[in-house]
Amino acid sequence: MCAEAAKKVESGAEILILSDRTAPIDEKTSYIPPLLAVGAVHHHLIRSHLRLKASIVIDTAQCWSTHHFACLIGYGASAVCPYLALETIAQWWIEPRTQKLMENGKLEAISLEKALINYRKSVEAGLLKILSKMGISLLSSYHGAQIFEAIGLSADLVKLAFNGTTSRVGGLSIAEVAQEAIAFHSKAFPNLTAKKLENYGFVNYRPGGEYHMNSPEMAKALHKAVAAHSQGEGYDHYETYRQILQQRPVTALRDLLEFNSDRASIAIEAVESIESILQRFCTGGMSLGALGREAHETLAIAMNRIGGKSNSGEGGEDPIRYTSLSDVDEEGHSVTMPHLNGLKNGDTANSAIKQIASGRFGVTPEYLMSGKQLEIKMAQGAKPGEGGQLPGKKVSPYIAMLRRSKPGVTLISPPPHHDIYSIEDLAQLIYDLHQINPRAKVSVKLVAEIGIGTIAAGVAKANADIIQISGHDGGTGASPLSSIKHAGSPWELGVTEVHRMLMENQLRHRVILRADGGLKTGWDILMAALMGAEEFGFGSISMIAEGCIMARVCHTNNCPVGVATQQERLRARFPGIPAHVVNFFTLVAEETRQLLAKLGYHSLNEVIGRADLLKVRSDARLTKTESLNLDCLLNLPDGRSDRSWLQHEEVHSNGAVLDDDILADSEIKQAIEQQGTVSKTYRIVNTDRSVGARIAGVIAQKYGNDGFEGEIKLNFQGAAGQSFGAFNLPGVNLHLEGEANDYVGKGIYGGEIVILPPQNANYQPEDNAIIGNTCLYGATGGVLYANGRAGERFAVRNSTAKAVIEGAGDHLCEYMTGGVIVVLGSVGRNVGAGMTGGLAYILDPSLPEKLNPEIVKIQRVGTAAGAEQLKSLIEAHVERTNSPKGKLILANWDSYLGQFWQVVPPSEADSPEAQISAEKTLTSV
């Protein structure tokens with residue numbers, strides 16, 4: 001085929017059509033898998049220096065999902081004709097049952113052509129989603145880019161069709177691919193006996209389908225184990241649960257390995273305690289919103305009981321959870337949390353790990369100060385490259401209140417590239433978090449994929465305290481269908497790559513490594529430890545322990561057992577109590593102790609990174625291949641003699657900072673202690689970063705978000721470094737004469753930030769940038785007045801803050817859910833992308849050409865309420881900054897008012913007064 005393709009191109013052919021229907025498949029003729037055909041021809045033409053002379057079109061029956069299209073295009077196809085998928089749609093359309101549903105109005109009555117167009121649009125939308133996850137704008141850039149990692153393909157197969165693709169564990173040979181094709185072929189010939197197509201259960205569990213570790217059988221066994229453990233009989237049931245998982249077919253890479261100890265076994269009494277092991281356990285970052293309130297709080301209470309750490313997920317937390325319960329009745333209910341069962345005096349639902357996701361949902365100073373760890377979500381295990389998404393039907397009034405948004409409106413957390421373009425940007429966020437809460441460890445969540453070792457080295461150098469490696473098995477069932485498969489890699493590959501890279505670069509001592517993704521037993525814990533993990537994250541399995549039955553309807557808000565829903569009638573069915581979750585982790589820790597005793601080791605610390613205690617299982621058999629090479633998991637740096645890399649610093653420090661000098665001032669101290677008033681002036685330079693954040697942390701620790709009644713005015717002169725005024729609180733006003741870098745007002749909750757040029761400035765403020773990119777990112781309150789232009793991505797994910805600036809770059813108000821932004825000059829492109837709430841007033845005649853019209857619309861300021869709101873903000877801006885542009889507008893108000901555009905979400909377009917009222921309500925919240 002490759003030789004013929006080259007010959008045709010040399011003869012002048014400009015389009016090659018590779019088809020599996022032109023030569024009919026019969027008893028003696030099978031097919032070449034289309035991806036193999038495309039890749040082989042593509043690379044043969046490259047080697048023959050002919051590839052640029054022709055396009056490749058693939059005409060195939062074996063393509064229907066977005067991943068299929070992505071692979072074919074990614075390995076060289078210029079166009080794809082999925083003829084069997086199209087024919088299937090046609091057959092569905094003319095089926096009598098379907099016609100009847102259309103006639104009864106239960107399905108939209110559409111033409112066959114429309115049905116086929118809908119399929120094409122869906123595939124195109126899926127491809128765009130994949131491109132966006134990779135940060136690629138054009139399909140032509142994705143074409144032939146090969147941005148994949150192969151898991152389970154041999155070197156000869158990769159060289160033939162996927163040359164240049166990483167394949168770390170080897171696998172299927174060309175001959176084995178042929179055998180698989182023949183196995184499928186034999187199902188159809190000589191006679192097709194099946195009456196309907198098989199459902200292999202690739203997504204949902206199906207009896208007789210693909211094996212799922214989260215099977216109904218496993219869930220039932222675990223429910224029995226955690227319920228019975230309190231009566232002293234749980235381990236028998238846990239043994240049943242463990243056996244189900246131990247006897248499974250090879251499902252994960254670790255299933256191909258077994259322990260190979262170099263010592264004799266010891267008594268279990270000589271092994272470290274259950275309590276010590278439990279401190280290494282964490283729950284996954286599942287948000288309050290994705291989970292129901294009861295399920296989320298039950299996990300937090302359970303982890304606090306065992307000394308482990310629960311993870312808030314992105315979405316914030318109710319401040320009521322930060323205090324201990326002291327009024328629990330005999331039935332296990334409290335006054336503050338009557339909706340929960342099985343409580344005890346002293347329980348607290350405060351999540352030890354506070355997640356700081358890209359969208360900054362609900363991130364306030366008090367929230368940050370209430371955590372023992374602060375986690376930056378750079379990636380999601382279940383759907384790497386995407387931001388989180390909470391469907392609108394799950395955004396109840398309670399969830400909307402916590403996230404500073406509106407009930408019923410879908411919430412999208414922007415992917416990390418909205419504020420983190422480089423390792424330096426990530427380092428700045430780590431710095432911000434160390435600044436506001438110097439006692440909390442900062443963790444960074446990375447997804448297991450090729451190259452993660454290099455990223456982890458940068459994260460370690462950026463002063464993170466913990467790195468979490470999330471495997472592709474993560475997720476709570478709420479992932480988009482096209483993101484469940486083919487996204488991310490096994491944590492085994494990620495943990496070993498990171499551990500190896502950090503050891504080889506003498507960085508391993510700087511960070512704790514945490515493995516996450518599909519961990520379920522003590523055997524999993526020991527496997528992860530031997531590969532380099534020191535802590536262990538549990539996601540879906542912890543939900544199962546509290547009652548989840550893996551119905552996989554999380555995204556529909558219809559969880560039948562009340563775990564992952566916001567419907568009160570369904571949440572009333574929630575069966576879990578903290579004791580069940582405690583029992584599960586206790587049983588896992590006990591199994592871990594037994595395995596350590598069997599290996600002859602006294603503690604997990606002694607075996608972390610000891611891959612020499614692993615070997616390939618001799619009895620493991622794979623149906624598809626015998627050629628896997630697991631050296632990348634087994635050949636880790638020798639850490640037996642020198643174990644000093646396990647001695648980590650308590651928390652990395654930012655060192656001496658300007659905020660420390662400010663807080664050391666006796667007058668500032670007194671003002672904070674006595675809620676008094678003080679004004680101070682300081683010089684500032686651009687190495688002074690996150691100025692104000694530590695002050696906000698101190699006040700939030702003492703008074704919460706809203707309790708401080710004094711006033712601290714800090715005047716600065718000079719050029720501020722990044723994150724000036726980050727996480728600022730009510731009662732703290734920052735006044736800067738000079739200029740500021742990126743991230744001004746990041747996460748601001750209250751107070752004022754005023755920035756104006758120096759008095760001797762000889763330039764027009766309205767024409768010059770005075771603050772950098774990504775300012776007001778994730779703001780939850782406060783006001784910013786800047787007498788000059790802002791950079792790109794101003795007010796991304798702003799939910800309550802107000803601001804007046806004199807111009808802005810691209811992507812203004814992206815993902816905004818609330819607040820009011822006034823721009824007294826020109827703006828860049830893509831205004832209002834993903835903006836679901838709030839208002840913007842923009843004085844730019846060309847705004848209609850720059851608007852992203854997908855969600856928002858623009859109109860002139862046509863109401864008295866809107867005009868009053870706009871004018872009052874400009875008046876405040878002039879009062880604080882002496883803005884010449886602002887003065888000019890006020891002096892000619894009648895003529896300028898009609899030039900302002902008002903950007904509003906469509907639901908509020910006909911009623912701007914309602915929108916303004918909503919903004920006032922959010923501000924008061």
Side-chain angles (χ1 to χ4, degrees), residues 147-151 164-170 253-254 257 375-381 384-385 416 420 422-427 429-430 441-472 474 488-517 527-537 604-605 607-614 629-649 652:
I147 48 175
F148 299 88
E149 176 182 359
I151 300 178
T165 300
T166 300
S167 183
R168 287 183 277 181
V169 295
L253 281 178
R254 59 188 178 277
L257 303 174
E375 179 180 276
I376 301 167
K377 183 169 75 170
M378 280 294 294
Q380 306 194 105
I420 298 173
S422 64
I423 196 67
E424 289 82 10
D425 292 326
L426 177 60
L429 181 52
I430 293 170
K441 291 182 178 180
V442 174
S443 63
V444 176
K445 182 179 180 181
L446 302 176
V447 70
E449 57 186 2
I450 187 66
I452 188 180
T454 302
I455 303 300
V459 171
K461 292 177 182 178
N463 269 359
D465 303 286
I466 300 162
I467 296 176
Q468 174 167 316
I469 298 97
S470 292
H472 64 150
S489 303
W491 61 255
E492 295 94 325
L493 292 174
V495 168
T496 50
E497 182 183 344
V498 169
H499 177 71
R500 181 185 297 108
M501 178 68 76
L502 296 180
M503 289 287 284
E504 290 173 351
N505 288 277
Q506 288 83 50
L507 295 168
R508 185 63 180 84
H509 67 286
R510 293 182 62 86
V511 290
I512 295 169
L513 291 190
R514 181 186 300 147
D516 165 64
M527 277 284 170
L530 293 171
M531 294 181 199
E534 299 164 76
E535 291 187 351
F536 314 94
L604 278 172
N605 237 35
V607 301
I608 292 168
R610 292 287 307 278
D612 58 289
L613 301 179
L614 291 171
N629 182 343
L630 301 180
D631 287 350
C632 62
L633 304 183
L634 299 176
N635 295 340
L636 297 183
D638 189 350
R640 286 175 288 185
S641 56
D642 181 7
R643 307 288 286 173
S644 60
W645 49 270
L646 283 167
Q647 299 169 12
H648 306 292
E649 294 179 38
H652 285 103

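One-based numbering along the sequence shown.
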| side-chain contact (heavy atoms from CB on, under 4.5 Å) partner of Leu633, the single match among Leu530, Leu493, Val495, Leu614 | Leu493
| request: Name all residues meeting the side chain to side chain contact (heavy atoms under 4.5 Å, CB included) criterion together with Ser422; count only those two or more places apart in sequence or in a different chain, and write none if there are none. | output: Glu424, Asp425
| Looking at residues at least two apart in the chain, or sitting in another chain, which of them share a side chain to side chain contact (heavy atoms under 4.5 Å, CB included) with Ala528? | Trp491, Ala515, Ala533, Phe536
Any side-chain heavy atom of [X] sitting closer than 4.5 Å to one from [Y]?
{"X": "Leu513", "Y": "Val498", "answer": "yes"}
{"X": "Ser470", "Y": "Lys445", "answer": "yes"}
{"X": "Leu257", "Y": "Leu634", "answer": "yes"}
{"X": "Asp612", "Y": "Asp638", "answer": "no"}
{"X": "Arg500", "Y": "Arg508", "answer": "no"}
{"X": "Ile608", "Y": "Arg643", "answer": "yes"}
{"X": "Ile151", "Y": "Ser489", "answer": "yes"}

| message | Tell me if a side-chain donor or acceptor on Glu497 pairs with a main-chain N or O of Gly453 at a distance below 3.5 Å. | response | yes
| Partner set under side-chain hydrogen bond (donor to acceptor under 3.5 Å, both in side chains) for Thr165, not counting sequence neighbours | Tyr75
| request: Determine, stepwise, if the pair Met503 / Leu636 fulfils side chain to side chain contact (heavy atoms under 4.5 Å, CB included). | output: CA-CA 9 Å; Met503 289 287 284; Leu636 297 183; over 6 Å; no
| message | Could you check whether Glu492 pairs with Arg254 (Lys NZ or Arg NE/NH1/NH2 to Asp/Glu carboxylate O, under 4.0 Å)? | response | yes
| Of Arg510, His652, Lys441, the residue whose pairing with Asp465 passes side chain to side chain donor-acceptor pair (under 3.5 Å) | His652
| query | Do Arg168 and Asn629 have side-chain N/O donor and acceptor atoms under 3.5 Å apart? | reply | no
